[in-house]
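Everything below concerns the one structure shown next.
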Amino acid sequence: MKNLFLLVFSVLLTTSLFAQTPANRISIQGKVTDTTGAVLPGSNVMLLMTTDSSLVTFGRTNDAGMFSLKNVKRGSYILKISYVGFIPYDKLLDTGDQPNKDLGPLKLKPIAKELFEVVVKTARAPLTIKGDTIEYNAASFKVPPGSTVEDLLRRLPGMQIDQDGNIKAQGEDVKRVTVDGKTFFGSDPKAATKNLSAEAISKVQVFSDKTEQAKLTGVEDGKKEKTLNLQLKDGFKKGSFGKLTAGVGSDLRPNSDGTARTELKGNYNRFDDKRQFSVIGMGNNTNQTGLSFDDYQDFRGSNSFNWNDDADFGFSSGSRFISFGGDDDDNLGIPIGGGSGRGYSNNAAAGINYNYDTKKTKFSSSYYYSQTRQTIDAVRKSQTFLENSSFNRTDSSSQLNFNNSHRVSLRFQQELDSMQTLVILSNSRFSKGNTNLNSWQQLYRLSALSTRTTINNFGNTDAFGTANSVVYRSKFKKKGRNLALSATYQVNLNDAEMNLNSINEFFQATNVNDQLRIIRQLQTTDTKRSQYKISALYLEPLSKKFFWESFYNFSLRNDVVDRDVMDRGESGQETRNNVLSRYYENNYLFNRLGTGLRYSNKGVNLLVGAAGQQFKLAGEYAPDQTAATFNKINRTFTNVIPNVSFNYSMKGNKYLRFSYDVGIQLPSTRDLQPVIDNTNPLYITEGNPDLLPTLRHQLSGGYNMFNPGTFTNLYFSLNYTYNVNQIVYNQIVDPTTLITRTKPANISGGQNVGSYIGFGFPLKKTKANFNIYSNINYGKNLTNINGQLNETNTSSIGIGPRLDLTPNDKITIYANANWNISNTKYSISTGQNQTIYNFFYGGEANVKLPLGFYLNTTLNYRVYKNDRFGFNQHIPIWNSSLYTILGKAKKAEIRFTAYDMLNRNLAVSQSAFTNSVSQERVQTLSRYFLVSFTYNMRGVQAKMKRQNFF
Amino acid sequence: MKKYLLIPLFFLAIQVSAQQQQTEGIVYYNYTQYWTKIIKRLTFLSKEEKDRSAMTWKNEDGYTQKMKLFFSPSQSLYSYNNDEIEGAGYSWRKDEYSIYRNFDQDKKFDVIEMLGKVYIVDDSLHTPKWKISNQIKDIAGFICMKATMDDPVRGQKITVWFAQDIPVGAGPERYFGLPGMILGIDMNEGDVIIEATKVEFKPVANELKQPKAKGKKIKDSDYDTIISNHIKESMKASRNPFWAIRY
């Protein structure tokens with residue numbers, strides 16, 4: 001048998017050699033034995049090139065320990081023989097002129113048994129044998145941080161350290177310790193091992209060397225002594241990075257108040273392979289409220305995004321959820337983005353983050369403080385349609401808001417064993433805010449002034465929110481079986497105080513007493529919302545292709561609102577207002593049990609399932625908690641919801657999906673509480689404690705295709721939604737005063753259809769890309785206006801082409817456009833049907849200029865149009881920046897930026913709601929110039945191209 | 001001296017008994033790809049961007065696929081190991097990938113789906129140029145020796161560990177041609193790590209057949225051209241080329 005293998009191998013690797021003339025070819029024979037002369041059958045015999053050790057041919061010894069390498073080209077080679085448990089044999093070999101070369105017996109030396117068994121077999125450490133030298137790879141032997149080399153040596157098999165630190169290697173005393181081949185700290189071998197840090201060591205080599213005496217005298221005394229050499233790492237995985245940007249500039253406007261524009265931001269990080277510590281800070285008066293995505297990632301490091309942290313289980317869609325920044329619903333996460341907002345804002349933020357990650361334990365903590373002071377001067381116009389009439393509203397307001405918040409976030413993950421994982425999450429926020437609003441509103445019927453209001457409100461808020469979850473996941477011996485359990489506790493406290501001052505004049509009132517209403521009130525509202533949630537999910541494989549999944553959700557939400565409203569007389573006396581004061585308590589209990597069957601095989605995934613769910617609403621309210629009688633609310637709502645989803649990934653990166661599911665959304669605390677909010681006396685809102693949750697029947701399908709060879713892509717999707725118990729805001733408009741009162745209510749029948757198609761392909765590969773998308777949407781929304789059902793039908797179409805030109809390293813150009821047209825029809829007032837146009841044209845160019853300068857320029861041109869209102873606003877925003885990278889190390893950048901060079905910035909929005917159309921214009925930070933300097937420890941690179949996903 | 005006498009005999013005993021049928025069977029491998037390391041190879045990214053991705057995704061790095069290799073002295077067939085349930089009841093489609101080698105006939109038949117197409121590399125073997133070095137390491141209970149090669153097409157340094165005790169010149173992925181079975185591969189200093197988890201010796205003649213597949217037939221040289229063009233183009237277009245080809 002063995003001869004056969006030998007033959008196969010010789011044939012296999014020497015076939016190419018056979019073809020040539022055998023004249024200059026020879027055969028090499030030999031016999032492999034151990035040091036005692038016992039033969040070693042099955043040894044690997046390899047012939048390597050002397051230049052680069054590349055394999056020329058190989059063979060194997062037979063039962064008699066004999067080998068023969070045939071058809072070997074004449075020349076010099078390295079003969080290498082290996083046999084498990086022996087030190088590989090290396091010999092320089094010259095074939096000579098004879099056609100046959102017999103090497104005779106070749107003796108292999110055994111590796112010490114202890115070393116072989118322990119180091120190679122058990123520690124699985126790559127072990128290098130270079131002649132008599134045994135080399136340990138230090139990274140394979142784990143020592144705690146801060147350990148010395150001595151601690152490391154204790155872990156090395158075959159090494160002994162006594163109490164005094166004397167070292168023995170394979171039973172012999174180590175007489176000498178060298179570092180990178182040099183004698184360290186004189187002749188005491190312990191000096192190096194006791195003082196050097198283990199982290200700095202890459203390799204430990206043990207060998208027998210001539211004595212120091214022999215080396216000095218050059219007289220070979222035949223004695224050898226054990227020497228230990230420590231090889232240092234080139235620079236171990238540990239480091240720091242940071243970035244600082246400072247900018248200063250001016251608006252350069254005669255009417256400007258002369259404040260300078262400033263921006264400052266920086267971060268610093270220290271890390272090693274387990275820990276990361278980072279600090280971040282920023283401050284500006286250029287409307288940058290949140291962190292940039294990149295800065296957020298640098299700040300949070302390995303905890304930026306977390307998979308599978310969602311504690312609410314349901315029908316799984318297969319894809320893993322990514323969550324970051326904590327619980328987004330309650331805004332507990334660190335704010336990201338939010339640049340170039342409305343109005344003018346001064347912002348400051350600072351944070352500190354620490355991550356500790358090992359394979360089994362992951363811990364992350366962060367603290368983040370942020371504050372914003374914002375001024376908003378806005379002019380708003382709207383038209384509201386009633387059954388047979390309409391009225392117009394104008395509002396000019398000035399608002400000053402201040403907000404600060406402290407956020408603390410903790411995450412701990414522990415692998416309990418190879419099957420079980422525990423995750424503990426805690427995110428909290430403490431915030432304070434105050435707002436000062438001055439507003440002047442006028443309501444017109446036709447062109448006659450009907451109502452006029454002057455508002456001056458001042459309010460304070462203290463809020464605290466915390467969300468804490470424990471998620472336990474377990475796998476089982478049976479592959480595919482999964483269990484997940486979770487528990488969550490959330491609390492939101494909000495204490496608000498509001499000073500209301502308004503003068504309301506009603507010119508249509510017939511009664512003199514109704515012509516003027518003055519509101520002077522102090523409103524204190526304390527809200528507490530707590531929620532307890534428990535979820536369980538179990539997945540059982542029925543076969544390789546079929547899975548059965550089940551889940552259970554429990555949730556109890558408790559809302560308590562205590563609102564005291566005091567009317568203040570002219571002389572300052574306070575009397576309680578029993579209409580507006582309210583105490584309200586509510587429990588919303590939710591139970592859901594669901595089950596489904598899943599088929600998954602070769603890219604086809606089909607889930608069919610159903611869940612039964614029940615909502616129980618139990619609440620009570622009264623003008624005050626001491627009231628004798630309370631209004632009671634008791635409602636129960638039970639239903640069964642089906643769920644179907646189908647995903648199919650096909651050959652050639654094609655992907656097809658279809659799903660039908662029913663989404664549920666609990667009413668918000670704000671919508672539920674039976675509290676009358678008269679902050680704006682002309683637009684009074686009230687909650688509804690009887691609200692049921694909204695059910696959304698959603699049908700959706702889609703097809704994607706991407707060809708990575710041609711870079712062509714196609715996306716198509718279609719969605720349909722039908723709402724049951726949709727929460728809408730019914731309106732009652734007082735015919736005399738035009739005061740609007742809204743109250744949420746459940747209504748069924750609202751629908752939405754949406755479609756999207758996108759197509760992209762290269763015009764010229766790597767140089768020019770073209771993309772185009774289009775979406776068409778149709779929506780039907782229902783509301784009651786003065787008791788009459790109004791149906792608002794909105795249809796819209798959007799088209800957007802995009803062209804990316806990246807011809808070379810010197811210039812890149814990006815151009816895109818979006819055209820959106822939306823048409824709104826009202827059933828109660830068809831004469832008001834109208835069309836809104838929002839157009840956008842964008843262009844960006846990056847140019848590499850001579851002398852190491854770079855130019856980036858962008859132009860965004862927006863058009864807002866509504867013919868019925870004669871509204872036609874064009875806003876071109878042109879920004880440019882010129883920058884150069886400084887220094888040989890390319891770590892600094894100086895940049896000159898001009899924002900809104902045409903000085904045209906204005907925040908504009910227009911929209912059509914259920915029964916109204918409105919526009920808003922906000923005075924917003926416009927033209928300014930800024931010179932900024934950036935220092936980045938990791939280097940600065942010119943950004944010529946937009947970032948793709950990578 | 002007595003001690004030294006015993007050891008070789010001890011190893012010899014294992015060696016002889018084990019060697020009887022160590023030429024036919026199945027090797028099970030874990031193929032693990034480290035994306036943040038691969039991202040570091042992308043020429044169009046700045047150091048800051050590379051570091052950022054490494055830092056952000058360090059706990060999520062390493063995507064493992066289960067693979068298996070059928071082998072006999074004359075043939076080998078390498079493909080996905082679909083014996084076990086993967087993931088939690090969700091099946092992702094895998095690109096077609098089966099690597100067939102016939103050492104007796106000096107023939108390869110590699111079915112590779114890449115760049116949205118199925119290619120069949122139908123060519124003679126073309127043994128890579130291996131360099132042998134002196135390191136040893138244990139993988140799945142086998143003592144392996146180290147060999148290296150440079151892949152000029154992808155610009156990768158390939159380090160493999162081959163078992164001296166399994167005298168079959170096969171290996172995972174497209175690698176072969178060493179005096180023993182390749183049980184471990186380190187592609188480009190840790191970008192991809194392939195390691196055998198288990199070796200089973202048993203007759204596999206039924207499984208060891210050239211697979212039937214439809215696709216575009218190409219030669220080794222065409223394959224190299226497609227790969228190197230794709231890498232060049234993708235780097236130029238600032239895309240990660242390795243989304244669309246196997247690393």
Side-chain angles (χ1 to χ4, degrees), chain A residues 5 8-9 12-13 15 34 36 38 42 44 46 48 52-55 58 60 80 82 84-85 88 110 113 120-121 124 126-130 297-298 301-302 304 307 318 357 362 479-480 482 539 541 544 547 598 600-603 605 649 652-653 707-709 765-766 938-939 941 945 948 950, chain B residues 4-5 7-9 11-12 15-16 19 23 39 42 45-48 51-52 55-56 58-60 73-74 84-85 88-93 103 106 113 115-117 127 129-138 143 145 147 164-165 167 169 177-180 233 236-240 243-244:
Chain A
F5 302 144
V8 166
F9 274 94
L12 200 110
L13 273 118
T15 29
D34 66 13
T36 66
N44 271 309
M46 294 173 270
L48 313 179
D52 59 358
S53 302
S54 58
L55 185 65
F58 59 83
R60 216 155 239 263
K80 185 190 271 299
S82 72
V84 174
K113 185 187 175 212
V120 184
K121 300 283 277 190
R124 305 190 71 211
L127 178 81
T128 311
I129 299 156
K130 288 176 183 159
Q297 257 175 280
D298 284 344
S302 61
S304 303
W307 300 98
D357 297 302
K362 293 173 177 67
K479 286 255 162 122
N482 272 280
L539 184 73
K544 257 177 76 180
F547 296 82
R598 175 182 289 282
S600 60
N601 184 35
K602 290 185 176 164
N605 292 280
S649 55
N653 300 301
N707 185 330
K765 246 188 179 180
T766 79
R938 292 192 288 195
Q941 197 170 316
K945 279 187 179 179
N948 280 328
F950 48 84
Chain B
Y4 279 117
L5 246 170
I7 299 155
L9 286 173
F11 288 120
L12 197 68
Q15 191 73 14
V16 170
Q19 250 198 0
T23 55
I39 281 169
L42 304 179
L45 294 180
S46 69
K47 183 176 186 303
E48 188 177 6
D51 285 357
R52 182 173 294 134
M55 208 65 134
T56 307
K58 78 178 213 190
N59 291 338
E60 291 291 336
S74 59
E84 284 174 6
I85 291 168
Y90 196 88
S91 153
W92 297 97
R93 183 181 177 275
F103 305 112
D106 186 26
E113 185 181 345
L115 306 167
K117 241 188 195 168
T127 310
K129 194 176 167 190
W130 292 109
K131 293 176 190 176
I132 312 290
S133 37
N134 255 346
Q135 282 191 37
I136 54 174
K137 177 177 167 179
D138 174 282
I143 305 304
M145 269 190 114
Q164 305 165 64
D165 287 357
L178 282 161
E233 256 173 18
K236 226 176 162 185
S238 302
R239 284 169 190 272
N240 185 341
W243 284 116

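Reminder, nothing fancy here: chain letters follow the sequence lines and each chain counts from 1.
A:Lys479 meets the salt bridge (Lys or Arg N to Asp or Glu O under 4.0 Å) test with B:Glu84; sequence neighbours excluded. The salt bridge (Lys or Arg N to Asp or Glu O under 4.0 Å) check on A:Lys544 picks up nothing, with sequence neighbours excluded.
When every heavy atom of A:Asn707 is checked against every heavy atom of B:Leu115, the shortest pair comes out as OD1-O, 3.7 Å. Contact record, B:Thr56 with A:Gln297: OG1-NE2, 3.1 Å, taken as the closest heavy-atom pair. Contact record, B:Lys58 with A:Ser302: CG-CB, 3.8 Å, taken as the closest heavy-atom pair. Across all their heavy atoms, B:Pro179 and A:Arg60 have their closest contact at O-NH2, 3.9 Å.
Atoms CE and CG, from A:Met46 and B:Leu178 in turn, are 8.5 Å apart once rounded to the nearest 0.5 Å. With rounding to the nearest 0.5 Å, the separation of CD1 in B:Ile132 from CG in A:Leu48 is 6.0 Å. From B:Arg93, atom CZ reaches atom CG of A:Asn605 across 13.0 Å, with rounding to the nearest 0.5 Å.
Most heavy-atom pairs under 4.5 Å with chain A: of the set B:Lys117, B:Lys47, B:Glu113, B:Glu233, this distinction falls to B:Glu233. When A:Gly652, A:Ser649, A:Gly939 are compared by the number of non-hydrogen pairs under 4.5 Å with chain B, A:Ser649 comes out ahead.
A:Asn44 touches chain B through its side chain: at least one heavy atom from C-beta onward sits under 4.5 Å away, while N, CA, C and O do not.
The shortest distance between side-chain heavy atoms of B:Arg52 and A:Asp298 falls below 4.5 Å.
For NZ of A:Lys765, the number of neighbouring non-hydrogen atoms (other residues, nucleotides, ligands) closer than 6.0 Å is greater than 12.
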